Amino acid sequence: MLGPCADSRFIALLARGELEPSEVARVRAHLSSCQTCPAELAAEENLTKRLRGEISRPAAPAELKAAVEEMMRGRGTVPRRARSTRRVLFAASAAALLILAGFLAYRRTSAEDPLVVATHHAAATHQAIDRQRDLLQRETAEARTRLLDLAQRYGLPATTAFQGDEEVRLVSVRQGVALGKVSAVLVYIDSKGRLVTLEILPGGDLKVPRERTRAVQQFHPMLTRADQLGVALWRQGPAFYLLTAPMDEEELARLYLKVRTHTS
Amino acid sequence: MAYEKDALAMLDSTYRLALWLTRREADARDLVQETYLRALEARETFRPGASMRAWLARILRNRFIDRFRHGEREVPWPDGAKESNKIEAACDGQARLFGDAELARLISLVRGDIERALQALPEDHRTVVLLCDVEQWGWEEAASVLGIPVGTVKSRLFRARRTLRELLSEYAPKETNVGPVR
């Protein structure tokens with residue numbers, strides 16, 4: 001077996017068409033007399049050809065494209081017409097919808113205080129998920145893994161999140177974007193078939209002033225409404241929680257208490 | 001809006017890099033979304049005239065490394081007939097459901113020795129081959145993604161290609177012994 005030729009280091013460059021013209025002539029001349037370099041050149045050329053031709057180069061999925069476009073538009077300076085929301089909703093996937101919902105809510109209320117923004121965001125997220133309930137059961141098997149994954153990835157304190165019980169069943173966990181931060185959205189179905197969402201995001205400087213809260217036993221959440229949905233907001237350790245359900249204040253307070261005490 | 005427009009135009013190549021890094025479509029989607037979110041936040045630091053795709057790829061790769069630094073979430077690459085049969089069976093039995101695209105992608109990735117060999121490379125070598133050979137980016141762009149000098153990109157690429165060729169020859173069907181039967 002012949003050892004590698006000292007000139008073989010030029011072969012890769014030749015195969016990639018990156019040699020200087022004067023060098024090309026020299027290496028070509030060498031090739032006609034060398035016993036190992038022609039095979040080396042053929043192998044290099046073949047590899048280049050295969051890498052350029054045989055590796056699949058898929059385009060981004062349409063729903064990812066829709067989601068990213070919405071995100072970019074949401075932050076852009078050109079005012080966005082109220083274009084066909086329905087078309088967007090159909091085209092967009094779960095993730096796309098969450099981001100869309102988040103940014104629509106954000107835009108709608110961006111001049112207002114962050115708790116109002118968060119409330120509208122929570123309601124919009126809930127509605128977006130409710131519109132595509134049929135997708136949820138496919139996501140159930142992965143829910144807990146996904147939760148741990150998000151917790152690990154973003155340092156969200158999601159490992160202590162309410163994991164559901166016999167009355168309120170965890171059916172899906174998704175990644176969302178709330179107030180410009182990555183969040184975990186936990187989706188539950190209760191015993192009456194109602195959708196409940198719990199979004200957990202890094203708390204940052206979000207706080208609920210005491211005068212806007214209501215005492216629920218020893219805790220003090222803010223209980224409010226948006227788009228016929230009840231929304232509970234509270235800060236817990238390093239995270240901020242948004243609990244949304246089609247419930248009146250009393251029922252929401254009971255659900256809050258369950259979620260809050262499970263996560264203490 | 002030029003910044004947003006330019007960034008969106010690079011979505012496909014950004015997504016492909018994410019897919020090759022994370023090996024899972026769901027992770028790739030998340031990573032791409034994070035990348036664009038980060039790119040929006042960091043738009044002030046983008047140097048006009050610089051390569052947008054390299055800028056995005058650099059953000060993406062850094063996010064990926066941050067996330068997977070401890071190697072806790074390396075997803076095992078489907079290997080061997082059992083896994084690929086399972087995937088194909090799962091794919092055949094299902095309608096075009098959400099998530100199916102991932103299975104289809106995995107099938108296409110499992111097939112093909114060249115993709116298998118590429119997948120077997122360590123991340124830094126794999127990225128160099130993807131950028132320089134598969135996507136055919138320039139040396140400078142690849143260097144800026146990886147944050148290393150052009151010379152290092154070149155030497156890394158040549159080493160990676162050598163490994164690829166060795167892997168491909170390992171995968172190639174061995175010549176069976178057709179000598180006289182005793």
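Because the structure is a prediction, the values reported are computed rather than measured. Computation of the quantities below employed the complete heavy-atom set of this structure, encompassing side-chain atoms and omitting hydrogens, waters and symmetry-equivalent molecules. Below, chains carry the letters A, B, ... as their sequence lines are ordered, and counting in each starts from 1.
In this structure, B:Asp12 and A:Ala60 approach most closely via the heavy-atom pair OD1-N, 2.8 Å. Between A:Pro61 and B:Tyr15, the shortest heavy-atom contact is CD-CZ, 3.4 Å. Considering all non-hydrogen atoms of both residues, A:Ala67 and B:Gln33 come closest at CB-NE2, 3.9 Å.
Applying the salt bridge (Lys or Arg N to Asp or Glu O under 4.0 Å) test to residues at least two apart or on different chains, the pairs with a partner in residues 46-58 of chain A are A:Arg50-A:Glu54, A:Arg50-B:Asp113, A:Arg57-B:Glu135.
The closest side-chain heavy-atom distance from A:Gln175 to B:Arg29 is not below 4.5 Å. Looking at A:Leu47 and B:Asp133, their side chains never come closer than 4.5 Å, going by heavy atoms from C-beta outward.
Remark: B:Arg159 CZ is packed, more than 12 non-hydrogen atoms of other residues, nucleotides or ligands lying under 6.0 Å away. Environment of CZ in A:Arg169: sparse, with no more than 12 heavy atoms of neighbouring residues, nucleotides or ligands closer than 6.0 Å. Within a 6.0 Å radius of CZ in B:Arg38, no more than 12 heavy atoms belonging to other residues, nucleotides or ligands are found.
Atoms OG and CD1, on A:Ser56 and B:Ile114 in that order, are 11.5 Å from each other to the nearest 0.5 Å.
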Worked check of salt bridge (Lys or Arg N to Asp or Glu O under 4.0 Å) between B:Arg162 and A:Glu40: CA-CA 11 Å; B:Arg162 186 140 307 271; A:Glu40 178 70 14; 3.0 Å; yes
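Per-residue heavy-atom pair counts under 4.5 Å with chain B were compared for A:Val68, A:Leu13, A:Thr48, A:Ile55, and the maximum is reached by A:Ile55. The choice from B:Leu164, B:Leu157, B:Val134, B:Leu168 that makes the most heavy-atom pairs within less than 4.5 Å of chain A is B:Val134.
Interface residue B:Phe158: only side-chain heavy atoms are found under 4.5 Å from chain A. If you measure heavy-atom distances from A:Glu142 to chain B, the contacts under 4.5 Å come from the side chain alone.
For the side-chain hydrogen bond (donor to acceptor under 3.5 Å, both in side chains) test, no residue two or more places apart in sequence or in another chain qualifies with A:Asn46.
Judged purely by atom type and a 3.5 angstrom limit, A:Glu69 has no side-chain atom pairing as donor or acceptor with the backbone of B:Leu8.
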